[in-house]
Amino acid sequence: MPTITLPNGDTKQFPAPVTLGEIAASIGAGLAKAAIGARVDLGAGPELRDLSSVIDQDASVAIVTAPRPGQAAAADALFLMRHSAAHVMAEAIQDVIGKDVLLAYGPPTDTGFFYDMHLPEGKKLSSDHFEAINRRIAEIIKEDRPFTRYEQPADQALTRLKSEGNKYKVDNAERAMGVASSVYRGPRAAPAESPGASGREAASLSFYATGEPGRNWEDLCRGPHVPSTGRIGAACVLSLASSYWHGDETSDRLTRVYGTAFATPADLDAYLKQREEAVKRDHRVIGRSLRLFHIDEAVGQGLILWTPKGSIVRKELQSFIAAELKKQGYTEVFTPHIGSLDLYKTSGHFPYYKDSQFAPIVERQTLERLCEQGCSCAELMARIEGVSERLAAGINQRTGSQTIAPDRVIPDDRLVEGFMLRPMNCPHHAKIFASGPHSYRDMPVRLSEFGTVYRWEQSGELNGLTRVRGFTQDDAHLFCAEDQVPAEIQGCLSLVKVIFSTLGMKDYRVRVGLRDPDGAKYTGSKEAWDKAEAACLEAARSLGVPFSQEPGEAAFYGPKIDFVVKDVIGREWQLGTVQVDYNMANRFDLSYVGPDNRPHRPVVIHRAPFGSMERFCGVLIEHFAGAFPTWLSPEQVRVLPISDKSNEYAAAVVQALRAADVRATCDHSNDRVQAKVKVAADEKIPYMAVVGPRDAESGSVSVRARGVEKDLGAMPLESFVRAVRREIDARSAELGVRP
RNA sequence: GCCGCUGUAGCUCAGUGGUAGAGCGCACCCUUGGUAAGGGUGAGGUCACGGGUUCAAAUCCCGUCAGCGGCUCCA
């Protein structure tokens with residue numbers, strides 16, 4: 001006698017087990033018609049289920065419906081459609097390419113779905129096949145075949161899958177049954193689930209036929225699905241990529257086919273259009289057309305050349321944050337881009353991350369001498385990577401923990417000294433702190449620097465401004481007494497908030513990176529980590545925005561609070577970051593004198609509200625689609641003389657603007673005004689000042705603001721200059737000059 | 001780093017074995033025009049780089065480099 005609780009609190013009693021479809025029908029015919037699945041809570045948390053699923057105990061049930069025309073589809077509905085569309089696409093691909101394509105894993109994602117598959121030797125799938133595949137997808141949807149679920153005892157199902165010769169499905173089934181030996185930490189896009197596991201004990205495996213089992217296409221799958229293919233509004237294949245089986249780079253390489261589905265063809269169309277539009281916002285495209293930055297093969301991969309226009313944007317951002325830092329009592333320092341290898345052995349960067357740093361720089365004479373002595377490459381490496389006895393003893397003594405492997409320690413006279421391009425700024429700042437005595441009265445010491453760092457990123461990871469090999473952090477290190485940590489974290493978070501609110505960036509998420517309980521890469525004591533993690537969580541809670549806690553995302557020296565945004569393609573990038581570090585002070589033996597006249601260890605906070613200037617500017621270009629607010633615009637006003645006859649007055653206008661520290665130029669070309677307007681509009685310049693004989697006579701300018709179809713009319717030059725100046729000073733996000 | 005795709009003028013791209021092309025941009029000339037492209041002329045190319053096949057290669061093959069999309073990484 002199941003009692004069903006509906007979302008509005010009503011309850012319904014059924015004399016016998018019922019399907020979710022029957023429950024929908026009992027509520028209303030319209031609902032039954034619109035239903036495509038249901039969200040069910042049997043007491044263990046809500047889960048999505050098929051309409052055919054039988055409920056034989058008390059439960060909360062919310063029917064998931066396909067949206068009415070014009071209504072936005074709910075996440076659950078899209079999930080069901082996309083999960084189902086993955087099956088339809090896989091069937092279509094097998095129809096087009098061949099039945100011998102081995103399917104591996106095909107989950108829904110945030111914006112669609114993908115299916116990983118293994119193509120048999122000699123077979124190829126390329127975008128040339130998309131048209132045929134999409135046609136077949138449309139046919140299958142039109143055929144409106146039911147998604148038919150059936151179950152088989154696990155051992156029987158496994159035998160069958162083995163006979164079909166698809167090792168991926170066999171593997172899926174084994175994992176679903178819980179017999180797999182290794183733990184599957186699924187790809188981030190697709191959280192680990194047990195494909196085909198029908199119950200928690202997985203005594204049986206479930207399959208879905210698109211139509212009639214045994215006759216139509218089918219796939220091992222745990223579900224849930226929409227009732228029939230026709231209930232997938234519209235679906236299409238989008239792109240091809242590659243992936244590793246289980247995300248393991250030593251495992252098989254698979255072909256990943258991305259697709260998406262929407263409730264209606266109109267929604268799908270709108271999505272595809274939006275994707276096209278997004279590409280136009282790509283910072284690499286805008287960066288080239290607006291000449292904001294340049295990457296040159298001859299300079300090197302992932303190395304940014306800031307052109308004059310981009311440099312203005314970056315410089316304005318730096319001045320903006322510098323003013324905020326001054327308010328918070330920071331002091332500025334300058335340090336070199338390179339440091340002794342020993343420094344990074346002390347800080348721990350070299351042993352922990354040597355593979356993601358540029359190779360050490362060793363003096364030429366030393367190398368020549370070693371060559372003459374017949375030193376092998378392997379020997380050289382060992383002697384560079386080794387740690388001196390003195391250094392190892394010091395580090396171990398201070399931290400009390402074994403941070404240097406014994407085989408790393410070699411006699412000082414065998415050691416080859418070198419330098420490194422710095423991967424982080426903190427060691428230099430630590431040495432500045434250590435260079436003089438500090439009283440508790442002077443704490444915290446806040447050292448800031450726009451510090452450029454270099455990291456050896458894998459070539460396949462490089463991406464425009466967002467992932468580079470040399471970048472400048474708006475870095476600072478706060479050396480605090482322990483009881484100052486919470487307030488200082490708050491101060492850092494407020495910087496990030498000022499940046500985001502000034503620039504009108506609302507679409508970000510906050511991530512608290514904690515240590516992975518099984519991870520071995522971390523340095524420092526458990527007690528220190530516990531304290532640091534508690535401080536970060538406390539600060540995140542006070543932020544007033546939702547945040548996620550992510551084990552394994554911590555830095556090797558401490559936990560952190562990150563601000564993450566998405567680019568136009570939907571990829572996530574970490575921008576601002578605040579990291580608590582209880583380790584660096586130990587490693588560098590930093591101290592301050594407390595009120596008790598005894599030395600105390602400071603706690604160090606690393607923070608970079610922009611993160612990296614390169615990445616931030618990349619994201620910012622996309623945020624504004626290149627149309628920067630006036631204060632950030634490389635060119636703020638373009639003066640457009642009607643003809644040569646007005647050149648003299650135009651020059652006077654430019655001069656007046658420049659005198660007020662407004663970035664202005666004049667378009668002297670012999671084009672007509674129409675053309676000059678078009679060019680200035682394409683360059684996304686905030687204001688145009690059209691000047692002709694009439695303006696020269698009255699001392700006015702005819703103003704046109706970006707994004708406004710018509711000109712705003714004439715206004716006195718002086719008031720225009722004043723208005724623009726006021727807008728810049730306010731760092732206004734909007735163009736506000738009006739006559 | 002791995003898989004796939006791509007690489008032709010400053011930019012966007014056409015050219016599929018037989019003389020290297022277009023539009024935009026650039027230079028110059030005409031035009032002196034009041035708000036999203038007036039007209040003309042011209043310069044500009046080791047067809048990414050290196051090898052191979054061929055009478056002949058931008059085009060076919062191999063390798064390298066770089067870019068793009070993923071994956072894997074990411075202090």
Side-chain angles (χ1 to χ4, degrees), chain A residues 114 116 119 124-128 187-189 238-258 279 282 284-285 288-289 291 294-298 300-302 344 347-349 352-353 355-357 422-426 453 455-464 467 473 475 513 521-523 552-558 560 562 569 571 573-574 577 579 581 606 608 611-612 640-647 669-682 688-695 702-704 706 708-714:
Chain A
F114 63 79
D116 283 350
L119 297 174
K124 261 190 143 177
L125 175 59
S126 81
S127 48
D128 296 342
R188 215 167 296 165
L238 290 174
S239 62
L240 290 172
S242 101
S243 64
Y244 299 109
W245 178 229
H246 293 153
D248 172 1
E249 62 180 314
T250 62
S251 186
D252 294 5
R253 281 181 293 270
L254 303 170
T255 300
R256 175 168 295 182
V257 189
Y258 281 90
V279 172
D282 191 313
R284 292 162 299 188
V285 174
R288 192 180 299 119
S289 63
R291 298 188 168 279
H294 175 64
I295 300 171
D296 198 296
E297 212 175 302
Q301 281 183 285
Y344 302 100
S347 69
H349 291 110
Y352 283 94
Y353 284 97
D355 291 341
S356 47
Q357 294 161 7
R422 66 176 173 195
M424 288 187 101
N425 303 309
C426 30
V453 298
R455 300 179 187 179
W456 186 258
E457 302 287 355
Q458 297 190 103
S459 63
E461 278 302 336
L462 298 172
N463 189 279
R467 189 80 181 260
Q473 298 176 312
D475 210 356
K521 69 172 185 174
Y522 307 104
T523 162
E553 288 294 315
F556 75 90
Y557 49 73
K560 54 180 188 164
D562 292 331
I569 306 178
R571 290 179 291 215
W573 301 102
Q574 176 195 313
T577 182
Q579 313 180 348
D581 184 347
H606 310 238
S612 105
L640 312 181
I642 291 284
S643 76
D644 293 357
K645 290 174 183 161
S646 303
N647 276 356
S669 68
N670 61 0
D671 285 324
R672 304 192 328 177
V673 209
Q674 285 91 326
K676 295 182 184 182
V677 167
K678 164 86 162 80
V679 168
D682 283 349
M688 294 174 221
V690 177
V691 294
R694 288 205 302 264
D695 301 287
S702 298
V703 179
R704 183 170 174 137
R706 184 180 60 209
V708 181
E709 284 293 322
K710 275 181 67 76
D711 71 303
L712 305 174

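No contact: A:Q473 has no heavy atom under 4.0 Å from any strand. Within 4.0 Å of A:R288, counting heavy atoms only, lie sugar-phosphate atoms of the nucleic acid but no base atom. Within 4.0 Å (heavy atoms only), A:Q458 reaches at least one base atom of the nucleic acid. When heavy atoms are screened at a 4.0 angstrom cut-off, A:Q574 is found touching no nucleic acid atom at all. Using a 4.0 Å heavy-atom distance criterion, A:T577 is classed as making no nucleic acid contact. Backbone-only contact: A:R284 has heavy atoms under 4.0 Å from sugar-phosphate atoms and none from a base. Backbone-only engagement by A:R571 is indicated by non-hydrogen atom pairs under 4.0 Å involving sugar-phosphate atoms exclusively. Using a 4.0 Å heavy-atom distance criterion, A:S459 is classed as a base contact.
The partner of B:G18, taking Watson-Crick or G-U wobble pairs whose two distances both stay under 3.5 Å, is B:C55. The partner of B:G50 is B:C62, by the rule that a Watson-Crick or G-U pair needs both atom distances under 3.5 Å.
Of the candidate nucleotides B:C3, B:U35, B:G70, B:G70 has the atom lying nearest to any side-chain atom of A:I569. Distances were taken from every side-chain heavy atom of A:P693 (C-beta onward) to each of B:G70, B:G34, B:A37; the shortest belongs to B:G34.
Using cut-offs of 30° and 60° on the angle between ring planes, the pair A:Y557 and A:H349 is perpendicular.
Scanning atom types as modelled, no donor and acceptor separated by under 3.5 angstrom connect the side chain of A:Y244 and the base of B:G4.
Proximity of A:N463 to the phosphate of B:G69: a side-chain N or O atom is located under 4.0 Å from OP1 or OP2.
Residue A:Y258 contributes atom OH, which lies 13 Å from atom C1' of B:C3 at whole-angstrom precision.
With P as the reference atom, B:G39 and B:G25 are 11 Å apart, rounded to whole Å.
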